[in-house]
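In the text below, chain A, chain B and the rest are named by the order of the sequence lines, each starting its count at 1. Since we're looking at a predicted model, the values are computed, not measured.
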Number of protein chains: 2
Amino acid sequence: MAKLLTAIVDDHPIVIEGLKVLLQNEENLEIVGGFYSGSAILTYISTNQVDLILLDITLPDINGIELCQHIKEASISTVVLILSNHTERSIIMQTIQNGASGYLLKNSSIDELRHCISEAVKGNICYSKEVMEIISRPSKNHIQGMPRLTRREKEILALIAAGKTSQVIGQELFLSPLTIDTHRKNLIQKFGVKNVAELIMAATQQQIL
Amino acid sequence: MAKLLTAIVDDHPIVIEGLKVLLQNEENLEIVGGFYSGSAILTYISTNQVDLILLDITLPDINGIELCQHIKEASISTVVLILSNHTERSIIMQTIQNGASGYLLKNSSIDELRHCISEAVKGNICYSKEVMEIISRPSKNHIQGMPRLTRREKEILALIAAGKTSQVIGQELFLSPLTIDTHRKNLIQKFGVKNVAELIMAATQQQIL
DNA sequence: ATTAAAATACCTAAAAATCAGTAGAAAAAA
DNA sequence: TTTTTTCTACTGATTTTTAGGTATTTTAAT
């Protein structure tokens, strides 16, 4: 089996050199280069074969989330592994959405990196341990003050989330729209938010919706 | 190291017997019993030590999601692994939320089960391959019509989700509030929804927020 | 049986969002 | 370079939500 042609994309030279050293002893892997910008790696892959790209999120010209998409557009078979310090759940999910095969934090162990690389080239998705935690328990940080909702409030919350107005909800539940307005008001107050947009966000983050 | 005292909870006897056979050769594991209902396992753990529970979602008296929570309340150190046929993302996430250490589909290989057990007792979270796919690409089923958003639209969507009005957003981005209204309108149109409540729901379900 | 909580409904007024358009400038892609 | 997309901004009218209350009737809990 041929060696995995691997590129490293990071705006920080230290990271690139560090990864090169860490990976130089891998038998089935060959570093073809380090790149400091999105345009640099895109130019490279347009004329060279690359099997695996270790990609940072923070780059000078384009963010790694979008870059990932461009890479997959240019070369669908190239496996992209994100190596980043960003711990925001939405960033992680977006990279996967855009075709990345995994996500590791930069403090991951070399074992984890090795493991994720092997999983990724097999076509699987692989996260490091911390990332797995972030994905699985998104709300842990957020849920302190989860309000207790009454049955009616939950019911109406769901209908609001479905995009229905107070008028429509009132008709469906055979209630006055003014009653729905009151419930709406109470929901907003209980969650400590200021409008439905924030309300729906809070409710989904707390798995109520 | 003492053997892992393991219980199996499933309403289907065949599954219990099958798992017993599959796991009987594991050196570091001892099956202490099979249980057909939630109340049965809860009664058992109230007087017996159990290290690991393999838990189904569908049970006659209580669903596995809630049962998981009760188990952890009764015995925080007991590791719960879900073994189910349900592929709904929300169910998977809820079990983890309620303290489960992993989720496998019933068609998982014995190797995957073994691997997840060892990860789980180490305190990590572990999913089988298919489950990982479901978690990572939830949208694949849902997102057919996932609209492509421009950079500006994503930015404004996030601010709307934070509960900010067009006026406030306009001030923050040094734009006319009327411009924000236009973006708002375009977002609503692109998602095919009728107001922000539904917009935020759609966006969170598609992991954009 | 009594208290507390939940559900119902209303008022007034201001603020915000939605609908249905148009249209020029800037940036990106072809 | 030309074309297309994105970003910007507006008009005008309508609908809906939000904020500040109050108040009665059901239900549920003690």
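- Residue B:Leu4 is tested with B:Asp51, B:Val79, B:Val50 for a side-chain contact (heavy atoms from CB on, under 4.5 Å); the sole match is B:Asp51.
- Listed pair A:Thr179 / C:dA9 meets the phosphate criterion, a side-chain N or O lying under 4.0 Å from OP1 or OP2.
- Here the side chain of B:Thr43 pairs a donor or acceptor atom with the backbone of B:Ser39 at under 3.5 angstrom.
- For B:Ser176, whose side chain is taken as the heavy atoms from C-beta onward, the closest listed nucleotide among D:dC7, D:dG21, D:dA9 is D:dA9.
- Side chain of A:Ile188, nearest nucleotide from D:dA19, D:dC7, C:dA16: D:dA19.
- As a whole-Å value, the separation of B:Ile180 CD1 from D:dT8 P is 7 Å.
- Not one side-chain nitrogen or oxygen of B:His183 sits closer than 4.0 Å to the OP1 or OP2 atom of D:dC7.
- Residues A:Glu172 and A:Lys164 have side chains in contact (heavy-atom distance under 4.5 Å, counting atoms from C-beta outward).
- Listed nucleotides D:dT18, D:dA9, C:dA17 differ in distance to B:Leu175; the shortest reach to its side chain belongs to D:dA9.
- Atom CD of A:Gln189 has 12 or fewer heavy atoms from other residues, nucleotides or ligands within 6.0 Å.
- Counting only N and O atoms by type, the side chains of A:Tyr103 and A:Ser128 include no donor and acceptor under 3.5 Å apart.
- For the pair B:Leu54 and B:Val80, the minimum side-chain heavy-atom distance is 4.5 Å or more.
- For a distance-only test at 3.5 Å, the side chain of A:Thr182 qualifies as a donor-acceptor partner of the base of C:dC10.
- With C:dA9, D:dC7, C:dC19 as the candidates, the nucleotide lying closest to the side chain of B:Glu153 is D:dC7.
- For the pair A:Arg184 CZ and C:dA7 P, the interatomic distance rounds to 17 Å; values are reported in whole Å.
- Nearest nucleotide to the B:Thr150 side chain, out of C:dA16, D:dT18, D:dT6: D:dT6.
- Applying the 4.0 Å criterion to OP1 and OP2 of C:dA6, one finds that A:Arg151 has every side-chain N and O outside that range.
- Residue A:Lys185 has its side chain nearest to D:dA19 when only D:dT17, D:dT8, D:dA19 are considered.
- For A:Thr165, taking side-chain heavy atoms from C-beta onward, the closest of the listed nucleotides D:dT8, D:dT16, C:dA17 is D:dT16.
- Each end of the helix from C:dT2-D:dA29 to C:dA30-D:dT1 gets its own axis from five base pairs, and the two axes differ in direction by 80°, given to 10 degrees.
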